[in-house]
Number of protein chains: 2
Amino acid sequence: MPTSIKDIAKLLNVSVSTVSYAINGGPRTVSPEVREKVLDAARELGYRPNRVAKSMVTGRSRTIGIVPPEIVEDVLLSPYLQLALNGIFNAAGKSHHDLVLFTRLAGSGHEEVLSTILDGRVDGAVFIAPNSTNRAVLLAKELRIPCISLAGSEIDGVHTLSVANETGMRLAMRHLFDLGHRRIAHIAGRLDMQDAIERLRAYSEFMTNNRLAYHDSWVLKGQFHPDGGYAAMKSLLALPVRPTAVVCANDDMAIGALRACQEMGVSVPGEMSICGFDMTSASGLTIPPLTTVFQPIADMGRHAVKSVLDLIEGNPVPKHITFEPTLVVRSSTACPMMES
Amino acid sequence: MPTSIKDIAKLLNVSVSTVSYAINGGPRTVSPEVREKVLDAARELGYRPNRVAKSMVTGRSRTIGIVPPEIVEDVLLSPYLQLALNGIFNAAGKSHHDLVLFTRLAGSGHEEVLSTILDGRVDGAVFIAPNSTNRAVLLAKELRIPCISLAGSEIDGVHTLSVANETGMRLAMRHLFDLGHRRIAHIAGRLDMQDAIERLRAYSEFMTNNRLAYHDSWVLKGQFHPDGGYAAMKSLLALPVRPTAVVCANDDMAIGALRACQEMGVSVPGEMSICGFDMTSASGLTIPPLTTVFQPIADMGRHAVKSVLDLIEGNPVPKHITFEPTLVVRSSTACPMMES
DNA sequence: GAGAGGAATCGAAACGTTTCGATTCGCTTG
DNA sequence: CAAGCGAATCGAAACGTTTCGATTCCTCTC
């Protein structure tokens, strides 16, 4: 129904190739008069080039695929993903690419679904926080689709952008330690995700290296959700010997933990210091505003686009880039109260 | 390079059509033996159907386009958009569609860019909060691309999903009025967006209908941004006769306004009641948590997908659906203090 | 045993582009 | 004036599918 290049050709009694040359301004020249005629006719008929047909022959779509993490529900509500996606979106726009958001890869092992990634619709893909069992990454790697793993597990042979989780956790722990805290707990994230694993490990190492005794009951799982952080803090507060500070593996959990303290009448940072991770926008809105580890997530998103485009062009891309986090000290951490 | 249906056909000495029938299980039957052989060979060769080629001939891509509002920067950080996008994403996944996010339509009037919408990559599109000068919607409408306008201006001939802004604003105003407030201010959004316009109008109407005097200095523009809300509240607080309550056209501005009050030592809700709009997740995290107007944005996103799919299928779709908001009373609103 | 009927399969067109080899034609040059 | 050249244009193949008409061939029936 929409007008095609053929319609123009027929109307003007020229060949389709001539029309194509005229419209694209190449790769061969056409006489100025013909060019003019073609352009006029195209405008007249409301011609729109069909990108699918073009993709078909050029093999390029100027589109990048985004594969969200394998979390089942409401992925797009994760502040982390939102920051990354925003960075990716902005960068993609600048380089004239659109984004395809794959809706059905999360958690699905179905072969049929997996294949939608490499069905020609995208030139490359960015995987957001994939874990090492993510079948889609594995498949993409196997089929040599240009792809970048953003803040995910280190997967053999896949280009990876990651944040130095160890550094971030050490910064947070050092900050609390220097304030005088010795009984420091940790609310961990989903332990099937790389970030969560590394943050937990760095916590353990810090405690051991500084000869701080710590119990299993001080390490809780919060699933990266506010409710998880809330529940975790509740059980920490029920302990006979309470920790004086807690580092959460993301801001959402820290927010939940803060809520638990407020409900139980435990003052923050007076009786309990709380430190978050990620510096999402919500972390600045709480009372008190959260001390948190800033990660340049948006930057990483931008960089992911650059890398994937380089990969598509065949330019060299470093196998691994690590971004350094920094500590943002706000008001949810302070010296512990003297032992009574 | 990747194996195609032809490779399988050649290998097995059958025709491409037979291979196609075998793989798709139709529309014609193939003998069980051949079917088996084809499927085996496909697996063996790592065959992946090329979706672009399929789109080419069927004219369907099982992909829905998303057109963000024409805000220039960091669109994806808007909580409103995030809620809508999440709803759309979930619904699209359920109906086996992927999403393409158009990165370059915002604010761009370039014809070339506009045409990327209707280049065959998507079967239909959802426009998020377009205003009436949005050229992309107009074009899509003109070219009869199935499309839905989500919470945007009413545009002639375009299917629209909207929220009853008047009702929402009236609920908020009535709530404050019943608490005893008479001097009620309004911090408006971007007045080039439909929601902002309607909320402002409903505010004016309520004030007039209830014979409440109000000044131009009580109606401020906050651009839907926290900083805008902050600045607006600052100028309200500088007024010789302060209002006792303010309704903001979204939560972000309410959060900014709250921050301004806290900085100036104005107690909320003691000296100033603040009401938000949208019920984004952040609105529950502030101290005090915001009273706000809940809009079923995620629901609307889901519904947008359903409607656009119906439109694609040729099913009848109502021209206009309105969703009803409700008031969520939390702690940022209370009776005004007695005049001193 | 000729003809009909039906299942299985084939071949080719079509979708809308891009691009490459081939053709036309006017002009220069020896 | 024949040969050669370059610019402009044409025609056709190719990309990987789907699908429709045509063909083959087996079996059943009278």
Side-chain angles (χ1 to χ4, degrees), chain A residues 1-39 41-42 45-63 112 115-116 118-123 143, chain B residues 1-39 41-42 45-63 112 115-116 118-123 143:
Chain A
M1 191 66 91
T3 70
S4 79
I5 221 174
K6 262 187 204 162
D7 300 323
I8 302 180
K10 209 171 297 171
L11 180 69
L12 263 40
N13 266 321
V14 296
S15 71
V16 289
S17 42
T18 303
V19 176
S20 174
Y21 296 144
I23 286 175
N24 298 327
R28 294 194 188 171
T29 58
V30 287
S31 68
E33 313 91 67
V34 174
R35 216 172 77 86
E36 204 62 26
K37 271 201 308 181
V38 169
L39 263 28
L45 298 178
Y47 168 74
R48 310 272 156 189
N50 181 317
R51 190 83 150 271
V52 172
K54 180 171 177 163
S55 281
M56 180 94 216
V57 35
T58 61
R60 287 285 166 83
S61 60
R62 292 198 80 81
T63 302
E112 171 261 330
S115 69
T116 63
L118 13 102
D119 59 5
R121 281 183 299 174
V122 301
D123 296 340
L143 285 131
Chain B
M1 191 68 89
T3 68
S4 78
I5 222 175
K6 263 188 204 161
D7 300 322
I8 302 180
K10 210 172 296 170
L11 179 70
L12 262 39
N13 266 320
V14 296
S15 71
V16 289
S17 42
T18 303
V19 176
S20 174
Y21 295 144
I23 286 175
N24 298 327
R28 294 193 187 172
T29 59
V30 289
S31 68
E33 312 91 67
V34 173
R35 216 172 76 88
E36 204 62 25
K37 273 203 306 184
V38 169
L39 262 27
L45 298 177
Y47 168 75
R48 310 271 157 190
N50 180 317
R51 190 83 149 270
V52 173
K54 179 172 178 163
S55 282
M56 180 94 219
V57 35
T58 60
R60 288 284 166 83
S61 59
R62 293 198 77 82
T63 303
E112 172 259 330
S115 69
T116 63
L118 13 102
D119 58 5
R121 283 183 299 174
V122 300
D123 296 340
L143 285 130

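Just so it is clear: chains get the letters A, B, ... in the order the sequence lines come, proteins before strands, and each one is counted from 1.
Nearest nucleotide to the side chain of Thr29(A), out of dG16(D), dA8(D), dT19(C): dA8(D). Here dC10(D) is the nucleotide among dC15(C), dA12(C), dC10(D) with the atom lying nearest to any side-chain atom of Ser17(A). The side chain of Ser15(B) has dG11(C) as its nearest neighbour among dT19(C), dG11(C), dT19(D). Here dT17(D) is the nucleotide among dC10(C), dT17(D), dG16(C) with the atom lying nearest to any side-chain atom of Val57(B). The nucleotide whose nearest atom lies closest to any side-chain atom of Thr18(B) is, among dT9(D), dG16(C), dC10(C), dC10(C). Of the candidate nucleotides dT17(C), dT19(D), dA22(C), dA22(C) has the atom nearest to the side chain of Arg28(A).
Taking CD1 of Ile5(A) as the reference point, atom NZ of Lys54(A) lies at 10.0 Å (rounded to 0.5 Å).
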Can you list the steps and then say if Leu45(A) with Leu11(A) is a side-chain contact (heavy atoms from CB on, under 4.5 Å)?
-> CA-CA 10 Å; Leu45(A) 298 178; Leu11(A) 180 69; 4.2 Å; yes
Given the rule in the side-chain contact (heavy atoms from CB on, under 4.5 Å) test, do Val34(A) and Thr18(A) qualify, once you have shown the distances and angles that lead to the verdict?
-> CA-CA 9 Å; Val34(A) 174; Thr18(A) 303; 3.8 Å; yes
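Using modelled atom types and a 3.5 Å distance limit, the side chains of Ser55(B) and Arg121(A) yield no donor-acceptor pair.
Between the side chain of Ser20(A) and the main chain of Val16(A), no donor-acceptor pair closer than 3.5 Å is present.
At the heavy-atom level, Asp7(A) lies nowhere under 4.0 Å from the strands shown. Using a 4.0 Å heavy-atom criterion, one finds that Ser4(B) contacts the sugar-phosphate atoms exclusively. Heavy atoms of Ser31(B) sit under 4.0 angstrom from primed sugar atoms or phosphate atoms, though from no base atom. Counting any heavy atom pair closer than 4.0 Å across all strands shown, Val52(A) reaches no nucleic acid atom. When heavy atoms are screened at a 4.0 angstrom cut-off, Val14(B) is found touching the sugar-phosphate backbone but no base atom.
To the nearest angstrom, P of dT18(D) lies 6 Å from NZ of Lys54(B). Rounded to an integer number of Å, the gap from CD1 of Ile5(B) to P of dT18(D) is 5 Å. Distance, Tyr21(B) OH to dT17(D) C1': 12 Å, rounded to whole Å. Atom NZ in Lys6(A) sits about 12 Å away from atom C1' in dA12(D), given to the nearest Å. The separation between Ile8(A) atom CD1 and dC10(D) atom P is 14 Å, rounded to whole Å. Remark: P of dC15(C) and CZ of Arg121(B) are 22 Å apart, rounded to the nearest angstrom. Between Lys10(B) atom NZ and dG11(C) atom C1' there is a gap of 15 Å when expressed in whole angstrom units. In this structure, Asn50(B) places its CG atom 14 Å from C1' of dA14(D), rounding to the nearest Å.
Place Val16(B) and Val16(A) on DNA chain D by their nearest nucleotides, and Val16(A) ends up nearer the 5' end.
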